[in-house]
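From a predicted model like this one, the values you see are computed outputs, not experimental measurements. Numbered from 1 within each chain, the chains take letters A, B, ... in sequence-line order.
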Protein chains: 2
Amino acid sequence: MSSETKTGGVLRALLESGVRITAQRKLVASIMDEERSHPDADEIYRRARTIDPRISLSTVYRTLALLKSAGLVQDHRFDEEHAHFEPVVDKPGHQHIICRGCGDIMEFQLNLDAAQRAAVEDATGFRFVSERIEVMGVCERCRNEDS
Amino acid sequence: MSSETKTGGVLRALLESGVRITAQRKLVASIMDEERSHPDADEIYRRARTIDPRISLSTVYRTLALLKSAGLVQDHRFDEEHAHFEPVVDKPGHQHIICRGCGDIMEFQLNLDAAQRAAVEDATGFRFVSERIEVMGVCERCRNEDS
DNA sequence: ATCTTTGCAAAAACTTTGCACCCTG
DNA sequence: CAGGGTGCAAAGTTTTTGCAAAGAT
């Protein structure tokens with residue numbers, strides 16, 4: 001079910017998780033549910049403030065940590081100095097492509113195939129657990145704008 | 001020669017690059033040349049101090065930035081809060097696998113194949129530029145130790 | 001009522017910067 | 001000797017933590 005619903009369930013899962021429910025936690029969870037972009041903590045904080053101007057950045061961080069340990073959100077560093085957050089997507093092979101021009105992030109699905117996994121295991125002696133593929137690219141808009 | 005020498009050329013390339021040569025820059029470059037691990041700035045700093053106890057952490061950062069902009073070293077965040085550095089390896093498809101148990105990092109070579117690149121372009125509308133593949137795994141030692 | 005969560009401010013971790021002095025070229 | 005590089009300390013970023021007040025169950 002809900003095969004095209006991206007998630008929409010961070011808030012619902014939070015409510016069902018048994019943790020104490022507060023307005024701030026519901027707010028952060030609902031922001032994550034609306035997310036199509038991959039906001040960083042400060043962006044989530046700014047969005048939250050438009051609804052509850054008294055929420056603090058610490059609470060945003062604490063709630064994101066809570067949601068993360070509950071497996072409801074993930075963070076990514078994208079080789080930058082700060083983290084970006086997104087709701088956990090149940091689809092396997094959920095990867096990211098980042099535009100070199102404008103930094104826009106888009107998602108796509110891809111996994112290494114069995115032969116590639118085996119090659120990694122053979123080459124390293126490690127057991128393969130999971131992969132994260134981060135692609136650098138150029139989005140259509142940037143392709144048309146510069147050069 | 002040096003088919004297993006990873007790079008060895010950071011210092012040499014630095015000397016040939018035309019920038020001002022200082023003892024500190026040579027030291028940091030030579031540390032990067034000896035690297036088999038993927039040290040963070042503090043680890044590089046600590047190694048440098050064993051040779052020149054008066055070198056400063058700022059200089060290590062400044063030199064790493066210099067080497068990076070010269071294309072001689074790369075940094076990676078590995079989804080942690082701080083950067084790890086390594087000499088640039090000219091081999092394409094130079095990727096990393098990180099042990100879930102001990103954090104050990106190993107390298108392997110892999111690129112997405114043409115069909116996978118095309119699939120990414122089709123799905124996103126972005127032009128493919130490059131990929132970074134980060135694999136989570138379990139190294140042999142950790143596999144034997146726990147569980 | 002109790003025990004957790006919040007907000008604030010301070011600290012911590014990592015990295016960058018200002019400035020006077022030093023060294024390379 | 002001139003101009004850039006270094007060391008030190010201070011400031012900047014991003015994230016975490018201590019504590020008293022506020023809130024949830």
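- Residues A:L14 and A:A29 share a closest heavy-atom pair of CD2-CB, 3.9 Å.
- When the local axes at the two ends of the helix from C:dA1-D:dT25 to C:dG25-D:dC1 are compared, using 5 base pairs at each end, they differ in direction by 30° after rounding to 10°.
- Toward the 5′ end of DNA chain C lies the nearest nucleotide of B:D42, the other residue of the pair B:D42 and B:V19 mapping further downstream.
- Residues passing the ring pair (Phe, Tyr, Trp, His ring centres under 6.0 Å) test with A:H94, sequence neighbours excluded: A:H96.
- One interatomic measurement links the two molecules: CD of B:E43 to C1' of C:dC14, which rounds to 15 Å at whole-angstrom precision.
- Note: CD (B:Q24) to C1' (C:dT24) measures 11 Å, nearest angstrom.
- To the nearest angstrom, P of C:dT5 lies 17 Å from CG of A:L27.
- A straight line from CZ of A:R54 to P of C:dT5 spans 18 Å, rounded to a whole angstrom.
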In residues 119-126 of chain B, what donor-acceptor pairs under 3.5 Å come from side-chain atoms, sequence neighbours left out?
unit_1: B:E121; atom_1: OE2; unit_2: B:F128; atom_2: N; d: 2.7
unit_1: B:T124; atom_1: OG1; unit_2: B:V120; atom_2: O; d: 2.8
unit_1: B:T124; atom_1: OG1; unit_2: B:F126; atom_2: N; d: 3.1

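- Heavy atoms of B:A23 sit nowhere under 4.0 angstrom from any nucleic acid atom.
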Below 3.5 Å is the cut-off: list the nitrogen or oxygen pairs between protein and nucleotides 16-19 of chain C, distance only.
unit_1: C:dT17; atom_1: O4; unit_2: B:S58; atom_2: OG; d: 3.4
unit_1: C:dG18; atom_1: O6; unit_2: B:R62; atom_2: NH1; d: 3.4

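- Taking atom NE2 of B:H82 as the reference point, atom C1' of C:dT15 lies 13 Å away to the nearest angstrom.
- For the pair A:L14 CG and C:dT5 P, the interatomic distance rounds to 11 Å; values are reported in whole Å.
- Heavy-atom neighbours of A:E140 CD from other residues, nucleotides or ligands within 6.0 Å: at or below the threshold of 12.
- Other residues, nucleotides and ligands place more than 12 heavy atoms under 6.0 Å from the CZ atom of B:R46.
- Side chain of B:E131 to main chain of B:L112: a donor-acceptor pair is present (N/O by atom type, distance under 3.5 Å, no hydrogens or angles).
- A donor atom on one side chain and an acceptor atom on the other are found under 3.5 Å apart for A:Q116 and B:Q116.
- A straight line from CG of B:D52 to P of C:dC23 spans 12 Å, rounded to a whole angstrom.
- Mapping B:I21 and B:A41 onto DNA chain C via the closest heavy atom, the residue that lands nearer the 5' end is B:A41.
- In 5' to 3' order, the nucleotides of DNA chain D bounding all contacts with chain B (an atom under 4.0 Å from a heavy atom) are D:dG3 to D:dA9.
- In summary, of the residues considered (B:H84, B:E107, B:E43), a side-chain hydrogen bond (donor to acceptor under 3.5 Å, both in side chains) with B:H38 occurs for B:E107 alone.
- Once rounded to the nearest 0.5 Å, the distance linking SG of A:C99 with CZ of A:R143 reads 9.0 Å.
- The local environment of CZ in B:R77 is crowded, with over 12 non-hydrogen atoms from other residues, nucleotides or ligands closer than 6.0 Å.
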Atom pairs and distances, side-chain donor-acceptor, residues 67-76 of chain B, under 3.5 Å, sequence neighbours left out:
unit_1: B:K68; atom_1: NZ; unit_2: B:D75; atom_2: OD1; d: 3.3
unit_1: B:K68; atom_1: NZ; unit_2: B:D75; atom_2: OD2; d: 3.2
unit_1: B:S69; atom_1: OG; unit_2: B:A65; atom_2: O; d: 3.4
unit_1: B:S69; atom_1: OG; unit_2: B:L66; atom_2: O; d: 3.1
unit_1: B:H76; atom_1: ND1; unit_2: B:R132; atom_2: NH1; d: 3.4
unit_1: B:H76; atom_1: NE2; unit_2: B:E86; atom_2: OE2; d: 2.9

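- To the nearest 0.5 Å, atoms CG (B:L57) and CG (B:D42) are separated by 6.5 Å.
- Judged by atom type and distance alone, A:R20 does not reach the base of C:dT5 through any side-chain donor-acceptor pair under 3.5 Å.
- Straight-line distance from the CD1 atom of B:I44 to the C1' atom of C:dT15: 13 Å, rounded to whole Å.
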